[in-house]
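Both ligands and their constituent atoms are indexed starting at 1 by order of listing. Numbers here are sequence positions counted from 1. Keep in mind the model is a prediction, meaning the values are calculated, not measured.
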Amino acid sequence: MTEIETEQRRPGTELAAGVLDPGLYASDPHPLFSRLRAEAPVAWNEEHGFWCVAKHADVSAIGFDHQTFCAGQGILVEEIGVIYETPPTMMHTDPPAHTRYRRLVQPGFKPSVVRALEPAIRARARLLVEGLDAGTSVDVVELLSVPLPLQVISEIMGLPVEDWRRFYDWSEAVIPGATDWPEERRNQLQGEMITFLIDLTKTRRDSPRTDVLSELARAGADGDMLSDDELAMFLVQLLVAGNETTRNLISGGLVAFAEHPGQWQRMVADRTLVATAVEEMLRFTTPVVSFMRTATRDSELSGVPIAAGEPVLMLYASANRDEDVFGPTASVFDPGRHPNPHIAFGFGNHFCLGAALARLEGRIVIEELLDRFGSVEIAGPVERSGSSVIAGVRRAELSFSPA
Ligand code: HEM
């Protein structure tokens, strides 16, 4: 292939070169995403060898077609070329294995089960919101967004809720780029977490309770039973996915309100906006920035040929600002936006298992804050992590005024 042919086949290399840069995510990745959508919606990252996919239609097409774009060869760029003996999470599986896992775990997260959790979640949220003083700078990450989802997911799973700070360290250790911790510390914490979870599950096998741990520990209706490795896979995923994402939905969403004067007051005046506001927080913050798939056969995205074996990175955060779907206001934070076909929870067979729970937590937090506070403003530093996977907010100093 001549150089010109290579360049034709692999567009956007210059733009895609910066797509994993931690500095980009610590500041604002959207100017780059916007250029990718306009100039090279399917762009090749030369250094790691993967396609960046920036448009809503292409990201959805990948998520929808697991036969052409599989999850089994990794979902993170750092997994390119890694071969696992057993899948580290259910997100790393494809049908039929994925269908089996989903069947086993789905009952614990169906909408009726989640709805029943509302009083318990509200009580926890209220307590945390009562700890936020009006008229002074408060770090909502530390005081609200970190503890709430961790306490909620611990309670649902049946983990000792009072240990939530330990679970925080464990789950931070799993997310690439979330912390500056050395690899050794991350591995040690992850090992600790797996041992703890497996040991606790074994205890629940003998004396079951009404929690997800006990549910997973026993066989399904058809006698199907998870092995210890599979159990560890589920539990780690539930613990991590159940808090890192919702945490950043709350932090990022509150920062968005603080940065857009007048939008909080719109909700104060009209509480029916809370439902659309939660969807807009999901779209605007897109807590899961990106996940990867691998092409199982030759195909094409936006006219760009994709060869079998090539990884494709779905940039959910870019898709959620796609002007072709969200129009000229795509980059505007509008809590009243409707319709809002964002894909913050992914698309297709891996559609987020915890979507109903995350939406409920988001709604409750907003309602509890609206009960107490009439406005929210930026009061100090907002620090973002450099992760290209999770849109992490490490610190957000905000100030609320009384209702
Ligand atoms: C704002 C909050 C959340 C966001 C933005 C989010 C986002 C996502 C996304 C984008 C995926 C798709 C992964 C893929 O396609 O590979 C996913 C899957 C998943 N999420 Fe969430 N999530 C959130 C909250 C939660 C919560 C609270 C739970 C707790 C149980 C959870 C559990 C899962 C699980 C288990 C999967 C894998 C599903 C599968 O492979 O079939 N998520 N999530």
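- Looking at Arg102, His350, Met281 and measuring to atom 12 (C) of ligand 1, the nearest heavy atom belongs to His350.
- Look at Asp228 and Arg205 and you find a salt bridge, because one of the NZ, NE, NH1 or NH2 atoms lies within 4.0 Å of a carboxylate O, short of that distance.
- Inspection of the Thr136 and Asp133 side chains reveals no N or O donor paired with an N or O acceptor under 3.5 Å.
- For Arg359, the heavy-atom gap to ligand 1 stays at 4.0 angstrom or more.
- Under a cutoff of 6.0 Å and an axis angle of 45°, Arg283 and Phe326 form a cation-pi pair.
- Comparing Val278, Leu282, Leu76, Ile343 by heavy-atom distance to atom 1 (C) of ligand 1, the nearest is Leu282.
- Remark: among candidates Ala355, Ala391, Cys352, the nearest residue to atom 22 (N) of ligand 1 is Cys352, based on non-hydrogen atoms.
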Q.
Walk me through whether Ser137 and Glu397 qualify under side chain to side chain donor-acceptor pair (under 3.5 Å).
A. CA-CA 6 Å; Ser137 176; Glu397 294 286 342; 2.5 Å; yes
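- By the 4.0 Å N-to-carboxylate-O rule, Arg100 lies close enough to Glu230 to be salt-bridged with it.
- Of the candidates Pro87, Gly63, Gly354, the one placing a heavy atom closest to atom 31 (C) of ligand 1 is Gly354.
- Not a single heavy atom of Thr93 lies less than 4.0 angstrom from ligand 1.
- At least one heavy atom of Ala344 sits less than 4.0 Å from an atom of ligand 1.
- When Arg247, Arg166, Arg165, Arg394 are each tested for a salt bridge (Lys or Arg N to Asp or Glu O under 4.0 Å) with Glu172, only one passes: Arg247.
- A donor-acceptor contact under 3.5 angstrom links the side chains of Glu310 and Trp51, judged on distance only.
- Heavy atoms of Phe347 found under 4.0 angstrom from ligand 1: none, in either backbone or side chain.
- For ligand 1, the atoms closer than 4.0 angstrom to any heavy atom of Ala358 are 1 (C), 2 (C), 24 (C).
- Nearest-heavy-atom check against atom 30 (C) of ligand 1 across Phe109, Phe345, Tyr101 picks out Phe109.
- The shortest heavy-atom distance from Val105 to ligand 1 is not under 4.0 Å.
- Taking all heavy atoms of Arg247, Met157, Gln237 into account, the minimum distance to atom 35 (C) of ligand 1 is reached by Gln237.
- The six-membered or imidazole ring of Phe345 lies away from that of Tyr316, with a centre-to-centre distance of 6.0 Å or more.
- Of the possible donor and acceptor atoms, one in the side chain of Trp264 sits under 3.5 Å from a partner among the backbone N and O of Phe373.
- Here Ile156 contributes atom CD1 and Gln151 contributes atom CD; the two are 12.0 Å apart, rounded to the nearest 0.5 Å.
- Summarising the contacts of atom 15 (O) of ligand 1 with Met91, His92, Arg293, the nearest heavy atom is found in Arg293.
- At least one heavy atom of His98 sits less than 4.0 Å from an atom of ligand 1.
- Each of the following atoms of ligand 1 lies closer than 4.0 Å to a heavy atom of Asn349: 41 (O).
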